[in-house]
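Model, not experiment: these values are computed from the prediction.
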Amino acid sequence: MTIQNELDIDIRNLLGNPRSVKEGDLKDMEDRIHQAGRSLTELRKSGKGPDGSLVLFPRLPYILEEEGLMSKEEREHLSHVHELSKASDILISIGIGGSYLGNQMLFDVFCGPYWNMMSREERQGFPQVFFAGQNMDPHGLLQLAEEVERQSRRLGRKCRVLLLVISKSGTTIEPSSALKALRTILAPFADLSLLAITDKEKGTLRHYANEHHLPCFTVPDGIGGRFSELSQVGLVFARLIGVDIEALLSGARMVEEACQSERAEENPALLLASLKYAASRKYGTAAEIIMPYGDTLRSFGWWYAQLLGESLGKKYDIRGREIHYGRIPVAAVGTTDMHSLTQEHQQGAKNKLVQFISVKESRSTLSVPCEEGGEKGMVPMDYMLESARKANEKALACEGRMSCSIRIRKITPFHMGALMYFFFLTVAYEGALAGINAYDQPGVEDYKKILHQDILDYIVRNK
């Protein structure tokens, strides 16, 4: 299957092989598949999820054109937000979960590991970028503060630091703690400015921004954190680092418009979701390894792990029956983890499938001398990278292991927008097939209640 030759989906090792899903399985599921397709058609019209709550991610590809998810004032502010970035020496993005993983992925893909080592001219005027608030460990915050202090000494003045704080409630403990800590420990040697992305009306962060007349964007209602990278959460950060957000949304729009049919054979996202559902329900697939090939796509696996885990890992179906649906998400990267995890994938329990991600057109070319079978020659490394993926795929198939492969034509904002949105749709369709609510996360709330109570108890004990 292909979507306009920009995104290809190869399901040959997920459908039709002796130890994978059969055509007959899809035939038996025909009514269920049609109902899942119908549920997304209704979702697109009503904007209501299984429990009646707002679910508006299908409108994200049109967020800059349609009213509702982004105000006119926000659009105007978004078009100029890069000016804040270029006026700063350092940008610190503070957030966790969906407020972190997508932005880390965009940074890794389009800026790369050596961004902060470049000169300002080489970064085209954009600042150094750091992340905070994605873990409670204080060590990283203190190291970040030390780096900002070093930069201030090098500049001979206070560093201009833009804190991008992303939290709908403003009370999520990791980012709120990071913000409080950084505002205190950076103050002696940094000029701080703040840009918030939070709830449109309530929450401590919104109140703080309003009180101090700080610029503020909204986390739209109906957009869960794991679906938020194509909303203000991701678009503001993308603009701050110079990523083309119009192209990002254009790629998502291509996929949305190609995946609306209620027939699996005409809808690649619905077909892939149906195969993964059958693999889980009928063939005992309990884990899904997301394995992009290439260093810059490493954090895409982390982003997808959240999307898969929070969307499909549910104890109850929408009728309240206990079903414990879902697959364990495992983030890996090729070729690195072919020398570690592949042993288990190849010969461990037959309870997993591997989702490969690869790129047709490499951004870089480098050939190295090779010797195989007594023959010598120069071989492009991107050819070897793709050969390694194919070898992994073939070896798994020979052992009767399920896999599927998605290839984007090249790495651009357009193609990354398409890839993210394609996975939005696959988890949404699979949630409908499983009869679960793919848009809530009640299990996450359980530990938060316990954590907040424990911290309250500590405060009371130590007054």
Side-chain angles (χ1 to χ4, degrees), residues 60-95 98-111 115-116 120 123-133 159-168 170 175 178-179 182-183 190-200 203 205-206 208-220 223 225 228-252 412-414 416-417 420:
L60 287 175
Y62 311 97
I63 190 171
L64 296 183
E65 292 84 31
E66 295 184 0
E67 295 298 324
L69 293 180
M70 185 181 292
S71 68
K72 182 179 179 181
E73 291 76 16
E74 282 185 301
R75 289 191 189 114
E76 177 64 22
H77 192 188
L78 183 61
S79 67
H80 297 290
V81 77
H82 67 283
E83 296 168 8
L84 284 175
S85 180
K86 290 197 171 186
S88 305
D89 300 305
I90 291 174
L91 165 65
I92 301 176
S93 181
I94 302 173
S99 301
Y100 158 67
L101 290 164
N103 288 345
Q104 179 73 68
M105 183 251 299
L106 289 182
F107 177 78
D108 290 348
V109 169
F110 296 112
C111 298
W115 176 263
N116 290 340
R120 192 173 188 89
R123 297 193 305 267
Q124 299 181 6
F126 289 98
Q128 293 182 315
V129 178
F130 299 94
F131 292 88
C159 256
R160 297 167 301 194
V161 178
L162 174 61
L163 301 176
L164 173 65
V165 190
I166 311 169
S167 174
K168 186 163 188 175
L179 175 60
L182 289 173
R183 287 177 60 204
D191 287 326
L192 302 177
S193 56
L194 187 142
L195 176 61
I197 307 175
T198 188
D199 186 87
K200 65 181 177 181
L205 194 53
R206 172 63 69 174
Y208 181 86
N210 290 343
E211 183 181 343
H212 292 84
H213 307 289
L214 299 171
C216 201
F217 284 87
T218 297
V219 180
I223 304 295
S228 67
E229 192 57 21
L230 298 177
S231 75
Q232 288 89 323
V233 170
L235 299 182
V236 171
F237 178 79
R239 186 74 88 184
L240 289 170
I241 62 171
V243 173
D244 185 343
I245 63 172
E246 287 79 8
L248 201 68
L249 294 170
S250 180
T412 67
F414 175 88
M416 294 308 298
M420 282 189 286

Heavy-atom pair with the smallest gap, counting every atom of [X] and [Y]:
X      : Y      : value
Ala238 : Ile245 : CB-CG2, 3.6 Å
Leu64  : Met70  : CD2-SD, 4.0 Å
Ser88  : Pro127 : O-CB, 3.4 Å
Leu78  : Leu235 : CD1-O, 4.0 Å
Ile197 : Leu205 : O-CD2, 4.4 Å
Ile241 : Cys111 : CD1-SG, 3.9 Å

Geometric class of the Phe131/Phe107 ring pair [parallel <30°, tilted 30-60°, perpendicular >60°]: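 Rings of Phe107 and Phe131: perpendicular, as their planes differ by over 60°.
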Whether Trp115 and Phe126 hold their rings parallel, tilted or perpendicular, with breakpoints at 30° and 60°: tilted
Kindly compute the distance separating [atom1] ([X]) from [atom2] ([Y]), expressed to the nearest 0.5 Å.
X      : Y      : atom1 : atom2 : result
Thr412 : Leu248 : OG1   : CG    : 9.0 Å
Glu76  : Ser71  : CD    : OG    : 10.5 Å
Leu230 : Leu60  : CG    : CG    : 6.0 Å
Leu192 : Ile90  : CG    : CD1   : 10.5 Å
Leu194 : Leu182 : CG    : CG    : 11.0 Å
Ile166 : Ser99  : CD1   : OG    : 5.5 Å

Electrostatic pair Asp191-Arg160, nearest N-O below 4.0 angstrom: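 Answer for the salt bridge query: no.
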So, the side chain of [X] versus the backbone of [Y]: is there a donor-acceptor pair under 3.5 Å, distance only?
X      : Y      : result
Asn116 : Val129 : yes
Glu74  : Phe217 : no
Arg206 : Ala196 : no
Thr218 : Asp199 : no
Glu66  : Pro61  : no
Ser228 : Ser231 : no
Ser250 : Ala247 : no
Glu229 : Met420 : no
Lys86  : Gln124 : yes

Student check: side-chain heavy atoms of Pro220 and Gln232 closer than 4.5 Å: yes
Sole candidate of Pro215, Cys216, Ser93 that passes side-chain contact (heavy atoms from CB on, under 4.5 Å) when paired with Leu195: Pro215
Audit row: Leu163, Arg183, side chain to side chain contact (heavy atoms under 4.5 Å, CB included) steps and yes/no: CA-CA 9 Å; Leu163 301 176; Arg183 287 177 60 204; 4.0 Å; yes
Trace of the salt bridge (charged side-chain N to carboxylate O under 4.0 Å, His left out) decision for Arg75 with Glu65: CA-CA 9 Å; Arg75 289 191 189 114; Glu65 292 84 31; over 6 Å; no
Side chain to side chain contact (heavy atoms under 4.5 Å, CB included) between Ile223 and Val233, worked out: CA-CA 10 Å; Ile223 304 295; Val233 170; over 6 Å; no
Step-by-step salt bridge (charged side-chain N to carboxylate O under 4.0 Å, His left out) determination, Glu246 to Arg239: CA-CA 10 Å; Glu246 287 79 8; Arg239 186 74 88 184; 3.3 Å; yes
